[in-house]
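Remarks on the structure that follows.
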Amino acid sequence: MSRQMNGGWLRVVGVGPGPARWLTPEVAEILAEATDLVGYAPYLARCPERDGQIRHGSDNRVELDRANHALDLAEAGRRVAVVSGGDPGVFAMAAAVMEALAARPVERRGLDLTVHPGVSAMQAAAARLGAPLGGDFCAINLSDNLKPWDVVEKRLAAAAEAEFAIALYNPASKARPTRIFDAFEVLRRVKAPETVVVFARAVGRPDEKVTIATLATADLALVDMATCVLIGNSDTRLIERGEGREPWVWSPRSVEG
Ligand code: SAH
């Protein structure tokens, strides 16, 4: 790890999908050593309070400003943690920090910067269900803040045709509540009606709700911003566990040749 003369550093961390026990010990140490926390306010709220530590909370849409602010603070000698939910490399702040860094001259890119993994929502969701992402899978961000919607539709159709299981992040928002409906229209054109679909909402939090359905029967009104949606491939199946128990969801590792 490089050292900066003035002791400043920048750590890009993920605090997991919710509960403290899904935050890695490494990230907990970084949060304890940081002088400054930078991030979307609800994620900062998941970090234990510390005397003298400064929190720079922001709303969700200003990732690049936030990344630049964090880089400036680290350059000035502060010990800065940039905080994402889940994993910082999955639709989160690591890419924003890289974007901000790439826009700076090379002489300013050598600061003491590291990225630290966290449990991503799709992993937490998959663990609840058994092995819905047990074969090849991909993750698609349904937010069209940073890419045109027709790119999202193309990728969805291609992933579905290629028989990936799919994890959908940011499936709905207040600004665009109908995104998930549009996405399902694309998927229904390509996949069979009985394709397994899971809505994993607020996994690991007190209001967790996991719903198993099919592409044809899924009630899209259940989907909100706290939901990770998993779409099976044509091999994904349910394993019944007997009365009163939800079935497991299994995407086999093997594919018939
Ligand atoms: N970096 C994060 C994802 C940020 S995008 C990660 O790796 O998990 C935010 C999206 O993540 C939400 O819209 C939702 O789709 C998903 N998400 C985050 N926490 C979740 C949770 N506890 N349960 C289900 N989905 C979650």
Side-chain angles (χ1 to χ4, degrees), residues 11-24 26-27 37-47 58-64 66-67 70 81-99 115-129 132-133 137-147 152 155-156 159 165-184 187 197-213 218 220-231 249:
R11 306 280 173 259
V12 184
V13 305
V15 293
R21 65 185 188 282
W22 287 351
L23 185 149
T24 68
E26 180 183 60
V27 169
L37 303 186
V38 175
Y40 177 42
Y43 299 147
L44 296 188
R46 291 193 207 152
C47 304
S58 58
D59 81 26
N60 211 359
R61 291 225 173 185
V62 291
E63 283 103 345
L64 197 58
R66 210 189 288 156
V82 171
V83 178
S84 290
D87 179 90
V90 179
F91 310 130
M93 285 302 294
V97 169
M98 292 299 139
E99 188 179 339
V115 183
H116 302 265
V119 176
S120 191
M122 63 186 168
Q123 296 168 291
R128 280 289 186 266
L129 288 146
L133 305 178
F137 70 92
C138 67
I140 298 180
N141 187 351
L142 285 197
S143 167
D144 57 355
N145 290 340
L146 299 170
K147 60 190 172 191
V152 179
R155 289 183 181 175
L156 272 173
I166 307 170
L168 298 177
Y169 283 75
N170 290 311
S173 76
K174 283 200 190 100
R176 286 201 184 69
T178 59
R179 241 182 236 142
I180 188 67
F181 291 84
D182 300 337
F184 265 60
L187 293 169
V197 166
V198 176
F199 300 142
R201 186 182 178 282
V203 179
R205 303 187 207 146
D207 51 340
E208 172 176 321
K209 185 162 171 43
V210 177
T211 308
I212 301 171
L220 298 179
L222 294 173
V223 175
D224 64 8
M225 263 328 252
T227 308
C228 187
V229 177
L230 305 181
I231 313 289
V249 179

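Just follow the structure's listing: the first ligand is 1, and inside any ligand the first atom is 1. When a residue number appears, it is its place in the shown sequence, counting from 1.
- Residue contacts with ligand 1 do not include Ser84, since none of its heavy atoms lies under 4.0 Å from the ligand.
- Counting only distance, with no hydrogens or angles, the side chain of Thr227 and the backbone of Val229 share no donor-acceptor pair below 3.5 Å.
- Side-chain atoms of Tyr169 come within 3.5 Å of backbone N or O of Met122 as a donor-acceptor pair.
- In this structure, the protein non-hydrogen atom closest to atom 5 (S) of ligand 1 is Asn170 ND2, 3.6 Å.
- Of the possible donor and acceptor atoms, one in the side chain of Arg46 sits under 3.5 Å from a partner among the backbone N and O of Gly16.
- Contacts with ligand 1 closer than 4.0 Å are made by no heavy atom of Pro88, backbone or side chain.
- Listed by number with element, the atoms of ligand 1 under 4.0 Å from a non-hydrogen atom of Ala92 are 1 (N).
- Just one of Asn141, Leu230, Ile180, Val152 meets the side chain to side chain contact (heavy atoms under 4.5 Å, CB included) condition when paired with Leu168; it is Ile180.
- No donor-acceptor distance shorter than 3.5 angstrom exists from the side chain of Ser120 to the backbone of Asp87, with no hydrogens or angles considered.
- Checking side-chain atoms of Arg205 against main-chain N and O of Pro17 turns up a donor-acceptor pair under 3.5 Å.
- If you number the atoms of ligand 1 from 1 as listed, the ones under 4.0 Å from a heavy atom of Thr227 come out as 14 (C), 15 (O), 25 (N).
- Among all protein heavy atoms, the one lying closest to atom 21 (C) of ligand 1 is Val203 N, 3.5 Å.
- Contact annotation: for Asn141 versus ligand 1, there are no heavy atoms closer than 4.0 Å.
- At the shortest separation from atom 17 (N) of ligand 1 among protein heavy atoms lies Ala121 CB, 3.4 Å.
- Atom 1 (N) of ligand 1 has Val90 O, 2.7 Å as its closest protein atom, hydrogens excluded (heavy atom only).
- Thr24 contributes a side-chain N or O that, together with a main-chain N or O of Val27, makes up a donor-acceptor pair within less than 3.5 Å.
- Of the protein's non-hydrogen atoms, Arg205 NH2, 3.2 Å is the one closest to atom 19 (N) of ligand 1.
- In this structure, atom 11 (O) of ligand 1 lies nearest to the protein heavy atom Tyr169 CD2, 3.3 Å.
- Residue-ligand proximity: Ala200 is placed with a non-hydrogen atom under 4.0 Å from ligand 1.
- Below 4.0 Å from some heavy atom of Asp87 lie the following atoms of ligand 1, by number and element: 1 (N), 6 (C), 7 (O).
- Nearest to atom 13 (O) of ligand 1 among the protein's heavy atoms is Met225 O, 2.6 Å.
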key: Derivation of the side chain to side chain contact (heavy atoms under 4.5 Å, CB included) call for Arg201 and Leu222   = CA-CA 9 Å; Arg201 186 182 178 282; Leu222 294 173; over 6 Å; no
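- Nearest heavy atom pair, residue Leu156 against residue Ala183, reads CD1-CB, 3.6 Å.
- Near Ala226, the atoms of ligand 1 lying under 4.0 angstrom from a non-hydrogen atom of the residue are 23 (N), 24 (C), 25 (N), 26 (C).
- Considering backbone and side-chain N/O atoms, Gly18 never comes within less than 3.5 Å of an N/O atom of ligand 1.
- Classified by interplanar angle (parallel below 30°, tilted 30° to 60°, perpendicular above 60°), the ring pair Phe199/Phe184 is tilted.
- Put simply, the side chain of Cys47 reaches to within 4.5 Å of the side chain of Val15, judged on heavy atoms.
- Of all protein heavy atoms, the one lying nearest to atom 2 (C) of ligand 1 is Gly85 O, 3.3 Å.
- Between Ala125 and ligand 1 there is no heavy-atom distance shorter than 4.0 Å.
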